[in-house]
Structure formats: C-alpha cells, structure tokens
Trainee: 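I'd like to ask you about the structure that follows.
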Amino acid sequence: MSLAAIFVFLLVSALQMLECVLDLARRRGSISDEQVKLRMEITQILKEASTLSTPSTFAQAAKLKRLAAAKEKELAKVQDLTIKGKQSLYEQYGKVLLITKVLIYGALVLWFWSTPVTTVPKHLLQPFGRLFSWRGIDAATGRVVVGILPWLFLTSRVSKLLSEKLAPIFLHP
C-alpha cells in the first residue's frame, strides 16, 4: 500500500474525528457555574420548604416554594440563552468544517486525478473490482489500481464508523 493511500486515510479520519467531536460536544452541552449555583439554591430552598410542614409555618413554606419556582424560571431563561448562543456557535463551526472538508476533498481529487492512489490484489475487491479500479489492472503486477474517488468514499465511510465508535471513548468526562 502506498504512502498516498495512508495519507489520504489519515487526513479523512482527522476530518471525520473533528466532525464527530463537534457533534458530541453539541449534544452534550455544558453547564455553567451560574446554572450549578441556581440548581443548588433551588434544592436548598425546596429542602427548607419541606421541613416546614406544620400548619403554623405553612405561609413560610409557600413563600419558599414560590421563591424556588421563580429561581427555576430564572434557570430556564439562563439555559435558553446558553443553548441559543452555543447552538449558533456550533452551527458556525459546522459550516467552517464543511467548507474545509469540501476544499480538502477537492484538493485531493485534483492532486490524485491522473494517478492511482494505491494498488491492491484482485481477490480483495471481488466482485466489486471494476467499481474501484482506475484504468483497470496494472499489467506489470496484475493488481487492481484504485483511484481517488472510490478511495475517498471508502476511507470516509471507514473513518466515520471509527470516529463514531472511538470519540465517545476518548472524550468521556
């Protein structure tokens, strides 16, 4: 296998891993210190309200429950603002990554358009040898010559599968 095939595979794998990491970060999100503080305040207020269960402290318990409800609304507003801001940021990163992928794939196609990326034995590509061949079979070695377009398709599928499986392992909190 040639170094060009390995280079293309590593480059495509890096792009797929970046895409998977971005998607994983978007799905997971993050909790800010302000959100953690508000959650702790809400739980503390609700604990205090639950300890006040006698009829003489009913008014104070109701007041604490209303305060907790107000804090929950404040937390919901903070979460909405955080989600909107991060969503637009993830969309921008996604667009930049897509443009980068298109440019890199285009450069690879132009670079390897007239030359084969790699050669492999015939028996490895049975029955799809003609789909992956680039100008058929190398007469000197009897091996199938693989072009850039099928190689990009294969490497993108394999690297996408690998990045989907490996990214959560490496990026778990």
Side-chain angles (χ1 to χ4, degrees), residues 1-40 43 75-173:
M1 184 175 274
S2 70
L3 289 176
I6 295 170
F7 169 73
V8 170
F9 177 73
L10 291 176
L11 190 61
V12 170
S13 295
L15 289 172
Q16 292 291 344
M17 186 62 86
L18 281 175
E19 185 177 356
C20 192
V21 166
L22 182 65
D23 187 47
L24 194 62
R26 181 184 50 81
R27 281 187 280 145
R28 281 189 183 167
S30 63
I31 299 173
S32 67
D33 292 336
E34 183 181 0
Q35 291 175 0
V36 171
K37 181 183 170 192
L38 282 173
R39 284 190 193 277
M40 290 178 64
T43 55
L75 177 63
K77 286 180 183 177
V78 169
Q79 286 175 337
D80 285 343
L81 290 175
T82 303
I83 288 172
K84 286 179 185 176
K86 288 186 179 186
Q87 194 67 19
S88 66
L89 185 64
Y90 290 132
E91 287 176 7
Q92 289 175 349
Y93 285 149
K95 287 178 184 176
V96 168
L97 184 62
L98 178 66
I99 291 169
T100 304
K101 278 176 84 171
V102 167
L103 291 175
I104 289 176
Y105 281 24
L108 288 172
V109 167
L110 290 175
W111 188 11
F112 290 107
W113 185 253
S114 62
T115 59
V117 177
T118 188
T119 59
V120 293
K122 276 185 180 179
H123 69 279
L124 289 179
L125 297 178
Q126 292 298 55
F128 302 108
R130 290 219 183 262
L131 291 174
F132 298 113
S133 67
W134 182 262
R135 299 185 189 144
I137 297 172
D138 188 11
T141 60
R143 297 167 71 111
V144 177
V145 181
V146 180
I148 186 66
L149 293 178
W151 188 253
L152 278 175
F153 174 75
L154 286 173
T155 56
S156 66
R157 299 306 303 162
V158 170
S159 62
K160 185 171 186 169
L161 178 70
L162 286 174
S163 64
E164 286 174 356
K165 300 297 179 190
L166 295 178
I169 293 171
F170 291 125
L171 298 176
H172 70 83

Trainee: Check whether any side-chain heavy atom of Phe9 lies under 4.5 Å from a side-chain heavy atom of Leu154, and answer yes or no.
Mentor: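 A side-chain contact is absent here, since even the closest heavy-atom pair is not under 4.5 Å.
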Trainee: Carefully, step by step, assess Leu149 and Trp113 under the rule side-chain contact (heavy atoms from CB on, under 4.5 Å).
Mentor: CA-CA 8 Å; Leu149 293 178; Trp113 185 253; 3.7 Å; yes
Trainee: Would you compute the distance between atom OG1 of Thr155 and atom CD1 of Ile6 and round it to the nearest 0.5 angstrom?
Mentor: 12.5 Å
Trainee: Between Ile99 and Leu103, does a side-chain contact (heavy atoms from CB on, under 4.5 Å) hold up when you go through it step by step?
Mentor: CA-CA 6 Å; Ile99 291 169; Leu103 291 175; 4.0 Å; yes
Trainee: What is the minimum heavy-atom distance between Ser156 and Val12, and which atoms define it?
Mentor: CA-CG1, 3.6 Å
Trainee: How would you list, by chain and number, every residue that makes a side-chain contact (heavy atoms from CB on, under 4.5 Å) with Gln79, sequence neighbours excluded?
Mentor: Gln35, Arg39, Leu75
Trainee: Test of understanding: with side-chain contact (heavy atoms from CB on, under 4.5 Å), list the residues that count as partners of Ile104, not counting sequence neighbours.
Mentor: Leu11, Leu15, Thr100, Leu108
Trainee: When rounded to the nearest 0.5 angstrom, what is the spacing between OG in Ser114 and CD1 in Ile148?
Mentor: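 These two atoms lie 11.0 Å from each other.
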Trainee: Would you give the length of the straight line joining atom CD of Gln16 to atom OG of Ser163, rounded to the nearest 0.5 angstrom?
Mentor: 5.5 Å
Trainee: Using the test side-chain hydrogen bond (donor to acceptor under 3.5 Å, both in side chains), find all partners of Glu19 that sit at least two apart in sequence or belong to another chain.
Mentor: Lys101
Trainee: Please, which pairs that meet salt bridge (Lys or Arg N to Asp or Glu O under 4.0 Å) have at least one residue in residues 155-168, sequence neighbours excluded?
Mentor: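 Pairs touching residues 155-168 that pass the test: none.
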Trainee: Under 6.0 Å from the OH atom of Tyr105, do we count more than 12 heavy atoms belonging to anything else shown?
Mentor: yes
Trainee: Only counting residues at least two apart or in another chain, list the ones meeting ring-ring contact (aromatic ring centres under 6.0 Å, His included) with Phe7.
Mentor: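 Once residues adjacent in sequence are excluded, the partners of Phe7 under the ring-ring contact (aromatic ring centres under 6.0 Å, His included) criterion are Trp111.
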Trainee: Considering non-hydrogen atoms only, spot the tightest contact between Ala5 and Trp151 and give its length.
Mentor: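 Minimum heavy-atom separation between Ala5 and Trp151: O-NE1, 3.3 Å.
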Trainee: Mind listing the closest non-hydrogen atom pair of Val145 and Pro116 along with its distance?
Mentor: CG1-CB, 2.8 Å
